[in-house]
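The analysis underlying the following values was restricted to heavy atoms, covering all of them including side chains, and did not include hydrogens, waters or symmetry mates.
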Amino acid sequence: MTGVQELLLSRIRDVADYPEPGVMFKDITPLLADPEAFTALTDALAEIAVRSGATKIVGLEARGFILGAPVAVRAGLGFIPVRKAGKLPGATLSQAYDLEYGSAEIEVHAEDLSAGDRVLVIDDVLATGGTAEASLELIRRAGAEVAGLAILMELGFLGGRQRLEPALSGAVLEALITV
């Protein structure tokens with residue numbers, strides 16, 4: 001494990017039985033509160049953005065906004081929020097996806113992505129991969145190319161990576177930490 005990985009992992013707090021009994025929640029708020037750790041995280045994700053040839057960063061609501069916006073600034077790229085349905089004014093593209101119990105929908109402003117854009121999706125955690133998969137479809141429907149997906153932490157035991165491999169179509173999936 002690298003020094004950056006050790007630093008990041010040391011600032012992620014385990015919260016037992018949240019949001020329900022039997023779940024070990026990975027709380028990143030201590031990492032965000034530590035300027036050294038947050039800077040290291042931003043730098044590591046910005047390096048992935050540059051290496052992937054991204055021209056824009058998409059952040060997934062809500063923690064993907066917190067991580068993606070400073071990465072976009074650091075890498076000199078535009079930032080595009082992908083929101084839950086009904087949160088953006090004006091013309092949007094939407095993509096529905098299935099959850100464990102039910103379904104959800106995400107949206108992006110139709111004019112924010114276009115042909116010629118290479119988009120790196122940033123989020124905090126990769127669990128089952130449903131939201132990330134929907135975001136990749138949404139980016140392609142907007143006419144842009146997927147440069148990849150960069151995440152702080154992958155929960156490997158939930159199989160999100162395997163689910164996403166076909167949707168990534170060869171684009172990178174980089175997790176800074178895998179648990």
Side-chain angles (χ1 to χ4, degrees), residues 4-5 8 28 32 38-99 103-155 159-178:
V4 169
Q5 289 171 314
L8 299 177
I28 69 166
L32 300 174
F38 195 15
T39 298
L41 172 59
T42 301
D43 289 346
L45 292 172
E47 193 273 323
I48 294 169
V50 170
R51 195 173 61 236
S52 73
T55 60
K56 290 193 177 161
I57 300 293
V58 155
L60 302 181
E61 189 166 343
R63 290 179 298 261
F65 296 173
I66 297 168
L67 304 184
V71 168
V73 170
R74 181 70 45 91
L77 305 174
F79 176 78
I80 312 297
V82 167
R83 304 285 321 259
K84 295 173 183 170
K87 301 287 185 180
L88 291 171
T92 61
L93 289 174
S94 64
Q95 182 68 41
Y97 62 101
D98 292 327
L99 301 167
S103 63
E105 194 171 357
I106 55 174
E107 294 180 331
V108 66
H109 274 133
E111 71 274 3
D112 288 345
L113 295 171
S114 60
D117 286 330
R118 282 186 47 82
V119 181
L120 180 69
V121 177
I122 292 186
D123 206 5
D124 65 330
V125 174
L126 175 60
T128 61
T131 307
E133 183 179 40
S135 73
L136 301 177
E137 177 64 25
L138 194 57
I139 289 163
R140 289 189 178 107
R141 285 183 46 229
E145 180 184 348
V146 173
L149 172 64
I151 52 171
L152 166 58
M153 183 174 23
E154 178 179 355
L155 305 179
R161 181 177 291 267
Q162 292 77 16
R163 175 182 181 165
L164 286 175
E165 281 178 358
L168 283 163
S169 301
V172 300
L173 167 52
E174 293 199 41
L176 299 179
I177 299 169
T178 300

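Leu67 and Val71 make their closest contact through O-CG2, 3.1 Å (heavy atoms, listed as atom of the first residue, atom of the second, distance). Among all heavy-atom pairs drawn from Ala167 and Arg140, the shortest one is O-NH1, 2.6 Å. When every heavy atom of Ile48 is checked against every heavy atom of Ala150, the shortest pair comes out as CG2-CB, 3.9 Å. Closest approach of Phe79 to Val58, counting heavy atoms only: CE1-C, 4.4 Å. Minimum interatomic distance between Glu107 and Leu88 (heavy atoms only, all atoms of both residues): O-CD1, 3.7 Å. The minimum heavy-atom distance between Gly129 and Leu164, with the atom names listed, is O-CD2, 3.6 Å.
Contacts of Ser94 classified as side-chain hydrogen bond (donor to acceptor under 3.5 Å, both in side chains), with partners at least two apart in sequence or in another chain: Glu105. The salt bridge (charged side-chain N to carboxylate O under 4.0 Å, His left out) test applied to Asp112 returns no partner, not counting sequence neighbours. Scored by the side-chain hydrogen bond (donor to acceptor under 3.5 Å, both in side chains) test, Thr131 finds Tyr97 as partners (sequence neighbours excluded). Among residues two or more places apart in sequence or in another chain, the salt bridge (charged side-chain N to carboxylate O under 4.0 Å, His left out) test is passed with Glu145 by Arg118. Shown here are the salt bridge (charged side-chain N to carboxylate O under 4.0 Å, His left out) partners of Glu174, two or more places apart in sequence or in another chain: Arg51.
The distance from atom CG of Leu149 to atom CG of Leu120, rounded to the nearest 0.5 Å, is 7.5 Å. Here the CD atom belonging to Glu111 is positioned 9.0 Å from the CD1 atom belonging to Ile80, to the nearest 0.5 angstrom. Ile139 CD1 to Arg141 CZ: the interatomic distance, rounded to the nearest 0.5 Å, is 12.0 Å. If you take CG on Asp124 and CD1 on Ile28, they are separated by 4.5 Å, rounding to the nearest 0.5 Å. The line from CG of Leu152 to CD1 of Ile66 is 11.5 Å long, rounded to the nearest 0.5 Å. Going from atom CD1 of Ile57 over to atom CD1 of Ile122 covers 4.0 Å, rounded to the nearest 0.5 Å.
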**OP:** Give the C-alpha distance, both sets of side-chain angles, the deciding distance and a yes or no for side-chain contact (heavy atoms from CB on, under 4.5 Å) between Val146 and Ser169.
**Re:** CA-CA 9 Å; Val146 173; Ser169 301; over 6 Å; no
Original post:
Stepwise, does the side-chain contact (heavy atoms from CB on, under 4.5 Å) test hold for Val125 with Met153?
Top reply: CA-CA 5 Å; Val125 174; Met153 183 174 23; 3.9 Å; yes
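Here the side chains of Val121 and Leu60 are in contact, with some heavy-atom distance below 4.5 Å. Within the 4.5 Å cutoff, the side chain of Ile106 has heavy atoms near those of the Gln95 side chain.
Not a single donor-acceptor pair under 3.5 Å links the side chain of His109 to the backbone N or O of Pro81.
For Arg63, the CZ atom sits in a loose shell: 12 or fewer heavy atoms of surrounding residues, nucleotides or ligands are nearer than 6.0 Å.
A salt bridge (Lys or Arg N to Asp or Glu O under 4.0 Å) check over residues 76-91, counting only residues at least two apart or in different chains, returns the pairs Glu61-Arg83.
When each of Thr39, Leu45, Thr42 is paired with Pro70, the side-chain contact (heavy atoms from CB on, under 4.5 Å) condition holds for Thr42 and for no other.
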